Amino acid sequence: MTSPQPLPSTVFKTDQSDGEERFEAWRQSISVVFDVAPLTPQAVDGFDASVQATHLGMLLLGDLHFSGQQFSRQRARVARDGLDHYLVQWYRGGGFVGQYDDGKDIEVRAGDITVLDLSRTLRTFAQPSHVMSLIVPRALADEAFGSRALDLHGTVLRTETPLGGLFSDHLLSLQRRLPAIALEDAPQVARASVQMLAACVRPGADTQAHAQEAVQGVALERIQRHIARHLGTALSPEGLCNEFGISRSVLYRLFEPLGGVAHYVQQRRLLQSFHTLVNPASRRLRVAEVAARTGFASNAHFSRAFRAAFGMSPSDARAMALSAASAGAMADAGAHPLSSVEYATWLRSLKAR
C-alpha cells in the first residue's frame with residue numbers, strides 16, 4: 001500500500017547568514033510579496049526572521065517570526081508584479097500600524113486578524129511579530145464569498161470578537177494538523193479554510209455596515225471628521241457634546257465600539273504624529289513640535305504613549321523613515337536561491353481547482 005504523499009513545505013531562516021547579510025537574505029526572500037526596510041539603521045544588527053511555508057494546493061500557509069521592520073507595496077510594485085491574491089494574517093504576537101490605499105489608517109494588535117489585497121497599496125511599520133498567514137488566490141475567495149466585487153482590503157477582525165477568535169482557532173487547528181494532511185486532501189482543506197474565512201469576515205462587515213447606518217442620524221462620521229481636523233486642539237467630551245448638540249451618554253454610546261471617545265482621540269493623535277514623523281517633508285519639525293501639533297501638552301506623556309502604541313520612541317520612528325528611504329534607493333540584488341525562487345513559483349501557480 002502506497003503511503004499518502006505529504007504536503008510540500010519549505011523553511012527559511014536568517015541564522016544561515018551572518019551580520020548585515022541576515023537582513024539582506026530576508027529582504028531577498030520576502031521580496032516575492034513585499035519591499036522591506038529596517039526600522040532603524042541599527043536594527044539590521046541582530047535582525048532575525050524565519051518562515052515555514054506549506055503548499056495546500058490552492059493556498060499557501062506560512063508561519064513567520066520576524067524582527068521589527070517596514071513592509072510596503074507601492075503603486076509601481078503592485079503594477080510590476082501583478083499579484084492578484086489576498087493575504088490573510090493572524091498576528092499571534094506583535095502588530096503593526098500603517099496605511100493602505102494611499103491614505104487610510106490601519107492598526108493591527110496582537111491577536112487580530114487582517115485581510116489585505118495584494119493588488120492594492122500598503123505601507124506598514126511592524127513590531128517584532130509572530131504571524132500565521134494565508135495567501136489566497138482571488139478566484140478562490142470569490143467562490144467562497146459568492147462575489148466578484150469584494151472590498152476586503154484593510155479588513156481587521158479584532159481578537160476580542162467572537163468571529164476573530166473563531167478564525168484564529170481554525171488557523172491554529174490547521175497548523176497542528178498539517179503533518180496528518182495528505183496532498184490529495186489539500187484542495188478540500190484549502191477550500192474549507194477560505195469558506196471559514198468568509199463566514200467570519202462577511203457577518204463582521206455586515207454588522208459594521210448596519211451600525212454605520214444606525215448612527216448616521218446622530219453624526220458619528222461628522223464627529224470623526226471634526227476630530228481629524230482639530231487634533232491639535234482640546235477635544236474634551238464636553239466640547240464635542242456642545243459642538244454637536246448631543247448628550248454625553250449619546251457620545252459615549254457612539255464611540256463605544258471604537259474603544260471610547262478618549263481612546264479614539266488619543267489613537268488618532270498618535271497615528272497622525274507617527275505619519276508626521278516618518279514624512280520626509282516634516283523632517284525639520286522637532287519631536288516636541290510634532291507632539292504639540294497633534295494635541296499632546298506633555299512631551300513625556302507623548303513619548304510614553306507613542307512607545308506603548310508603536311514599540312519605539314518618536315526619535316526611533318524618524319530614524320526608521322530615513323533608513324527606509326535609504327534602503328529604497330538600493331537596487332534589487334536578485335532572489336534567494338533556496339527560498340524566494342521556490343516560494344515565488346508556488347505563489348504564481350496558485351489557482352482554484
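These numbers were taken from a predicted model, which means no experiment stands behind them.
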Quiz item: Is the side chain of Ser282 donor-acceptor paired with the backbone N or O of Leu285 at a distance under 3.5 Å, no angle test?
Solution: no
Self-check item: ring pair (Phe, Tyr, Trp, His ring centres under 6.0 Å) involving Phe302 - partner list, sequence neighbours excluded
Solution: Phe296, Phe306
Quiz prompt | Between Ser249 and Ser247, a side-chain donor and acceptor under 3.5 Å | solution = yes
Quiz prompt | Donor-acceptor under 3.5 Å (Arg268 side chain, Ala228 main chain) | solution = no
Quiz item: Any donor and acceptor pair, going by atom type alone, linking the side chain of Ser273 with main-chain N or O of Leu270 inside 3.5 Å?
Solution: yes
Quiz item: Within the side chain of Ser129, is there an N or O that forms a donor-acceptor pair under 3.5 Å with the backbone of Gln127?
Solution: yes
Quiz item: Ser29 side chain to Ala25 main-chain N or O, any donor-acceptor pair under 3.5 Å?
Solution: no
Exercise. Would you give the length of the straight line joining atom OH of Tyr91 to atom CG of Leu64, rounded to the nearest 0.5 angstrom?
Key: 8.5 Å
Self-check item: Sequence-distant partners of Glu289, salt bridge (charged side-chain N to carboxylate O under 4.0 Å, His left out), two or more places apart
Solution: Arg286
Practice problem: Not counting sequence neighbours, which residues clear ring pair (Phe, Tyr, Trp, His ring centres under 6.0 Å) with Phe71? List them please. | Solution: Phe34, Phe66
Quiz item: Do Thr114 side-chain atoms and Thr155 backbone N/O form a donor-acceptor pair below 3.5 Å?
Solution: yes
Quiz item: Taking atom CD1 of Ile246 and atom CG of Leu251, what is their separation to the nearest 0.5 Å?
Solution: 4.5 Å
Self-check item: Face-on cation placement of Arg138 at Tyr86 ring, 6.0 Å and 45° thresholds
Solution: yes
Quiz item: Do Gln224 and Tyr264 come close enough that some side-chain heavy atom pair is under 4.5 Å?
Solution: yes
Quiz prompt | Verdict with supporting geometry, Phe23 and Val36, side chain to side chain contact (heavy atoms under 4.5 Å, CB included) | solution = CA-CA 9 Å; Phe23 186 82; Val36 296; 3.9 Å; yes
Quiz item: So, Arg77 side chain and Ser72 main chain: donor-acceptor pair closer than 3.5 Å or not?
Solution: no
Quiz prompt | Residues that Asp185 engages under salt bridge (charged side-chain N to carboxylate O under 4.0 Å, His left out), provided they are two or more places apart | solution = none
Self-check item: pair Glu143-Val194: side-chain heavy atoms closer than 4.5 Å
Solution: no
Quiz item: Which residues pass the salt bridge (charged side-chain N to carboxylate O under 4.0 Å, His left out) test with Arg120, sequence neighbours left out?
Solution: Asp101, Asp151
Quiz item: Any side-chain heavy-atom pair from Thr121 and Arg73 closer than 4.5 angstrom?
Solution: no
Quiz item: Side-chain contact, heavy-atom cut-off 4.5 Å: Asp316 with Leu39?
Solution: no
Self-check item: Thr294 side, atom OG1; Leu271 side, atom CG - distance, nearest 0.5 Å
Solution: 10.5 Å
Quiz item: Which pair of heavy atoms, one from Cys200 and one from Leu163, lies closest together, and at what distance?
Solution: O-CD1, 3.3 Å
Exercise. For residues Gly164 and Thr161, report the shortest heavy-atom separation together with the two atoms involved.
Key: N-OG1, 3.1 Å
Self-check item: Heavy-atom side-chain proximity of Glu243 to Arg222 below 4.5 angstrom
Solution: no
Exercise. Please tell me if the side chains of Pro314 and Ser303 come closer than 4.5 Å, counting only heavy atoms from C-beta onward.
Key: yes
Self-check item: salt bridge (charged side-chain N to carboxylate O under 4.0 Å, His left out) involving Arg92 - partner list, sequence neighbours excluded
Solution: none
Quiz item: Is Val78 reachable from Leu152 through a run of hydrophobic residues whose side-chain heavy atoms are each under 4.5 Å from the next?
Solution: no
Quiz item: Taking NZ, NE, NH1 and NH2 as the nitrogens, is one of them in Arg253 or Glu256 under 4.0 Å from a carboxylate oxygen of the other?
Solution: no
Exercise. Of all the heavy-atom pairs spanning Gln272 and Leu231, show the shortest one and how long it is.
Key: CB-CD1, 3.7 Å
Quiz prompt | Residue pair Val131, Phe96: steps toward the side chain to side chain contact (heavy atoms under 4.5 Å, CB included) verdict | solution = CA-CA 11 Å; Val131 178; Phe96 68 78; over 6 Å; no
Practice problem: Find out whether Leu240 and His226 are in side-chain contact, i.e. whether some heavy atom of one side chain is under 4.5 Å from a heavy atom of the other. | Solution: yes
Quiz item: So, for Phe145 and Ala198, which heavy atoms are closest and what is the spacing to 0.1 Å?
Solution: CZ-CA, 3.4 Å
Quiz item: Which distance, rounded to the nearest 0.5 Å, do you find between the CZ of Arg27 and the OG1 of Thr14?
Solution: 15.0 Å
Quiz item: Is there a donor-acceptor contact under 3.5 Å from the side chain of Asp105 to the main chain of Gln99?
Solution: no
Practice problem: Give, for atom CG of Leu174 and atom CG of Leu59, the distance between the pair rounded to the nearest 0.5 Å. | Solution: 8.0 Å
Practice problem: Specify the closest pair of heavy atoms between Ser67 and Gly46, including all atoms of both residues, with the distance to one decimal. | Solution: OG-O, 4.3 Å
Quiz item: How about Gln70 and Arg123: does a side-chain donor come under 3.5 Å of a side-chain acceptor?
Solution: yes
Quiz item: Looking only at atom types and distance, does a side-chain atom of Arg22 sit under 3.5 Å from a main-chain N or O of Asp48, one as donor and one as acceptor?
Solution: no
Exercise. Kindly indicate, with the supporting measurements, whether the criterion side chain to side chain contact (heavy atoms under 4.5 Å, CB included) is fulfilled by Leu172 and Trp90.
Key: CA-CA 10 Å; Leu172 192 58; Trp90 172 31; 4.1 Å; yes
Practice problem: Supply the atom-to-atom distance Leu134 CG to Thr54 OG1, rounded to the nearest 0.5 angstrom. | Solution: 10.5 Å
Quiz prompt | Chi angles and distances behind the side chain to side chain contact (heavy atoms under 4.5 Å, CB included) call for His85, Leu87 | solution = CA-CA 7 Å; His85 306 68; Leu87 173 63; over 6 Å; no
Quiz item: Are any of the side-chain heavy atoms of Ser168 and Ile113 separated by less than 4.5 Å?
Solution: yes
Quiz prompt | Closest heavy-atom pair and its distance - Leu116, Gly154 | solution = CD2-N, 4.1 Å
Quiz item: In terms of the angle between their ring planes, are His65 and His130 parallel, tilted or perpendicular, with boundaries placed at 30° and 60°?
Solution: parallel
Self-check item: Atom CZ of Arg177 with >12 non-hydrogen neighbours under 6.0 angstrom
Solution: no
